[in-house]
Amino acid sequence: MRPLQTDLSIYKKFNLERPPVGIKYLMHKPEGYERVGKSLAFCEMLKEVHQRGKPFYFAREDENCAGAGALGMEEIGAMAYAGLLGEKFKIFQEGHANGQMVYNLFQKSPKPVKGVINYALYAPLDKLTFEPDLLVLVMPPRKAEIVLRALTYATGEVWETINTIVFDCFSLFVYPYLTGKVNYTTTGLSFGMIAKELYPEGLIIVSIPYQKLPAITQNLNEMEWTLEAYTLGREGFLEMERRIIRSAGEESKKSS
């Protein structure tokens with residue numbers, strides 16, 4: 001496991017109530033870390049590290065929901081593809097709708113090969129000593145805007161997200177890792193997170209994969225976090241907008 005070399009201290013500037021969390025997926029048991037020691041759903045592991053404030057890992061036996069299937073620790077069973085649970089919980093009209101959702105999700109991303117991920121290691125930012133596969137942020141929308149703006153700052157990349165009413169653990173914590181795409185959701189949209197009372201409504205969970213982490217981190221260090229346009233009020237902004245449009249028009253005329 002590669003020691004942490006990326007300087008992630010810029011994320012401390014967000015001063016989040018719940019610190020950023022690094023996640024590492026491993027085939028072999030991580031040495032020198034304690035096991036979670038209780039049975040939890042995959043989505044609950046994030047809240048658990050917020051509460052503990054120190055690293056831990058979990059194995060298949062510690063996960064009590066769909067997360068083991070999401071990580072490829074076990075096969076996704078016929079019951080999931082048939083959508084029987086979604087129908088019985090009255091989330092979907094019929095099982096086939098739930099099953100279609102599962103098929104659609106796996107068209108967006110491959111599933112992990114069984115046996116590749118046997119352990120998931122978690123650490124809050126101030127205790128993070130390894131290069132994370134994912135950096136997960138739970139934050140208010142205005143702070144999430146800064147992170148997502150950093151995603152597009154240098155490239156113009158379009159924000160996109162995939163989410164589902166169930167099995168959101170896959171879309172949040174596995175899809176980004178496998179595809180290299182940032183994904184995010186709003187608390188209060190996921191059946192399991194609502195039922196398990198994970199977080200207050202209206203927070204944004206942003207999952208940054210290792211493929212995007214260096215660029216986003218660099219952009220956060222470079223760009224302005226609070227744009228002048230956000231500080232002027234409506235009328236001040238409109239005046240600024242008119243001035244910039246006028247200036248751009250004059251520059252266009254000079255170049256023509």
The test is side chain to side chain contact (heavy atoms under 4.5 Å, CB included); show your working for Leu232 and Met240 and say whether it passes.
CA-CA 9 Å; Leu232 301 176; Met240 179 185 186; 3.5 Å; yes
Residues Leu46, Val138; criterion side chain to side chain contact (heavy atoms under 4.5 Å, CB included); working and verdict:
CA-CA 9 Å; Leu46 187 62; Val138 181; 3.8 Å; yes
Just do the side chain to side chain donor-acceptor pair (under 3.5 Å) check on Asn183 and Thr161 with the steps written out, would you?
CA-CA 5 Å; Asn183 204 24; Thr161 180; 2.7 Å; yes
When you look at Phe92 and Glu87, which way does the side chain to side chain contact (heavy atoms under 4.5 Å, CB included) test go after all the steps?
CA-CA 5 Å; Phe92 297 93; Glu87 181 177 359; 5.6 Å; no
Intermediate values then yes/no, side chain to side chain contact (heavy atoms under 4.5 Å, CB included), Leu71 and Arg60
CA-CA 9 Å; Leu71 287 167; Arg60 165 67 194 95; over 6 Å; no
Give the intermediate values and the outcome of salt bridge (charged side-chain N to carboxylate O under 4.0 Å, His left out) for residues Glu48 and Lys38.
CA-CA 10 Å; Glu48 183 70 15; Lys38 61 171 71 173; 3.4 Å; yes
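Leu85 CG to Phe167 CZ: the interatomic distance, rounded to the nearest 0.5 Å, is 12.0 Å. For the atom pair OG1 (Thr217) and NZ (Lys212), the distance works out to 12.5 Å, reported to the nearest 0.5 Å. Rounded to the nearest 0.5 angstrom, Met193 CE and Glu44 CD are separated by 10.0 Å. With values rounded to the nearest 0.5 angstrom, Met223 atom CE is found 10.0 Å from Thr152 atom OG1. Asp62 contributes atom CG, which lies 12.5 Å from atom CZ of Phe42 (distance to the nearest 0.5 angstrom). Atom CZ of Arg242 sits about 5.0 Å away from atom CD of Glu239, to the nearest 0.5 Å.
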Pair up each side-chain donor or acceptor in residues 170-177 with any protein partner under 3.5 Å, not counting sequence neighbours, and list the distances.
{"from": "Ser171", "atom 1": "OG", "to": "Asp168", "atom 2": "O", "distance (Å)": "3.1"}
{"from": "Ser171", "atom 1": "OG", "to": "Asp168", "atom 2": "OD1", "distance (Å)": "2.5"}

Got a list of side-chain donor-acceptor pairs under 3.5 Å for residues 108-124, not counting sequence neighbours?
{"from": "Lys111", "atom 1": "NZ", "to": "Tyr81", "atom 2": "OH", "distance (Å)": "2.9"}
{"from": "Asn118", "atom 1": "ND2", "to": "Met27", "atom 2": "O", "distance (Å)": "2.9"}
{"from": "Asn118", "atom 1": "ND2", "to": "Gly115", "atom 2": "O", "distance (Å)": "3.0"}

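For the pair Ser207 and Pro209, the tightest heavy-atom approach, listed with the atom from each and the gap, is O-CD, 3.6 Å. When all heavy atoms are compared, the tightest approach of Lys54 to Val49 is O-CG2, 3.6 Å. When all heavy atoms are compared, the tightest approach of Arg18 to Pro200 is NH2-CD, 3.5 Å. Residues Val147 and Ile216 approach most closely at O-CG2, 4.4 Å, considering heavy atoms. Scanning both residues, Ile204 and Pro140, for their nearest heavy atoms gives CG1-C, 4.5 Å. Lys143 and Leu16 get closest at one heavy-atom pair: CD-CD2, 3.9 Å.
Hydrophobic clustering (ILVMFWY, side-chain heavy atoms < 4.5 Å, transitive): Val166 and Ile162 are in one cluster. When the side chains of ILVMFWY residues are joined at heavy-atom separations under 4.5 Å, either directly or via intervening members, Leu8 and Met1 end up in a single hydrophobic cluster. Tracing side-chain contacts under 4.5 Å through hydrophobic residues (I, L, V, M, F, W, Y), one never reaches Tyr184 starting from Ile194; they form parts of separate clusters. Leu134 is connected to Val36 through a chain of hydrophobic side-chain contacts under 4.5 Å among Ile, Leu, Val, Met, Phe, Trp and Tyr, so both are in one cluster. Met45 is not connected to Ile208 by any chain of hydrophobic side-chain contacts under 4.5 Å among Ile, Leu, Val, Met, Phe, Trp and Tyr, and they are in different clusters.
Among residues at least two apart or in separate chains, there is no ring pair (Phe, Tyr, Trp, His ring centres under 6.0 Å) pair with a member in residues 143-163.
Contact check for Glu61 versus Arg35: side-chain heavy atoms found under the 4.5 Å cut-off. Side-chain atoms of Phe58 and Leu40, non-hydrogen and from C-beta on, never get closer than 4.5 Å to each other. Contact of the Tyr210 side chain with the Glu131 side chain is not registered, since no non-hydrogen atoms from C-beta on lie closer than 4.5 Å. Contact check for Leu105 versus Thr164: side-chain heavy atoms found under the 4.5 Å cut-off. The closest side-chain heavy-atom distance from Thr226 to Thr231 is below 4.5 Å. Side chains of Lys196 and Cys43 form a contact here, defined as non-hydrogen atoms less than 4.5 Å apart. Put simply, the side chain of Arg2 does not reach to within 4.5 Å of the side chain of Phe130, judged on heavy atoms. Using a 4.5 Å heavy-atom threshold, the side chains of Phe106 and Ile76 count as touching.
In the model, Ser39 has a side-chain atom that pairs as donor or acceptor with a side-chain atom of Asn64 under 3.5 Å.
No salt bridge links Glu224 with Arg149; every basic N to acidic carboxylate O contact stays at or beyond 4.0 Å.
In this structure, Glu201 places its CD atom where only 12 or fewer heavy-atom neighbours from other residues, nucleotides or ligands lie under 6.0 Å away. Atom CD of Gln51 is surrounded by more than 12 heavy atoms from other residues, nucleotides or ligands within 6.0 Å. Within a 6.0 Å radius of CZ in Arg142, no more than 12 heavy atoms belonging to other residues, nucleotides or ligands are found.
In this structure, Glu74 contributes its side chain and Ala68 its backbone to no donor-acceptor pair below 3.5 Å. Listed for the His96 side chain is no donor-acceptor partner under 3.5 Å among the backbone atoms of Gly83. Between the side chain of Asp133 and the backbone N or O of Lys24 there is no donor-acceptor pair closer than 3.5 Å.
Taking the centre and axis of the six-membered ring of Phe56, the NZ or CZ atom of Arg52 falls inside the cone set by 45° and 6.0 Å.
For Tyr230 and Trp225, the gap between ring centers reaches or exceeds 6.0 Å.
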